[in-house]
Amino acid sequence: MKNKLIPAILIGAAVGAGLSLIDKGTRDSVMSGSKDLKYYAQNPDEAKQKFSSDSRQPSKFDSLKDEVMFWKDTIEEIRQKNPELEQSIMDAKDTFMKKRDQKHLN
């Protein structure tokens, strides 16, 4: 008896794809995508240009990283210029921590 898993999967996928094409929106989307694919297959330079222009925009990760680095540098600058402020903040933190610990003990 030979393995029938792969052919069954392929038949199931074909049937599922056929059934999904009953929906008009899905058909229109598939047709539009296939037209775009055909266009870019005939014009590979435009496809290459489109993908390279998208990569020039900074990613959300890079933007977030830049924002975090800005605030880190700003906080470090404040710490260096105002050691009294840093000490006041640390004292306030210690006070809040003591009050929190007292609340948890009661």
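In this text, all values refer to a predicted model and were calculated from it rather than measured experimentally.
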**Message:** When you compare the side chains of D45 and Q49, does any donor N or O come within less than 3.5 Å of an acceptor on the partner?
**Reply:** no

Calculate, to the nearest 0.5 Å, the distance between atoms [atom1] and [atom2] belonging to [X] and [Y] respectively.
X    : Y    : atom1 : atom2 : value
T26  : K24  : OG1   : NZ    : 11.0 Å
I89  : I75  : CD1   : CD1   : 9.0 Å
D28  : L21  : CG    : CG    : 10.5 Å
L85  : M90  : CG    : CE    : 12.0 Å
D101 : K103 : CG    : NZ    : 12.0 Å
K4   : I6   : NZ    : CD1   : 14.0 Å

**Prompt:** Which atom pair, heavy atoms only, marks the closest approach of Y39 to E46?
**Reply:** OH-OE1, 2.7 Å

[Y] backbone acceptor or donor facing [X] side chain under 3.5 Å:
X   : Y   : value
S29 : G25 : no
S20 : A17 : yes
S34 : V30 : yes

**Item:** Salt-bridge contact D94-K98 (side-chain N to carboxylate O under 4.0 Å)
**Value:** no

**Message:** Tell me whether I22 shares a hydrophobic cluster with I11, the cluster being built from Ile, Leu, Val, Met, Phe, Trp, Tyr side chains joined at under 4.5 Å.
**Reply:** yes

**Message:** Does atom CZ (R27) have a neighbourhood of more than 12 heavy atoms from anything else shown, all under 6.0 Å?
**Reply:** yes

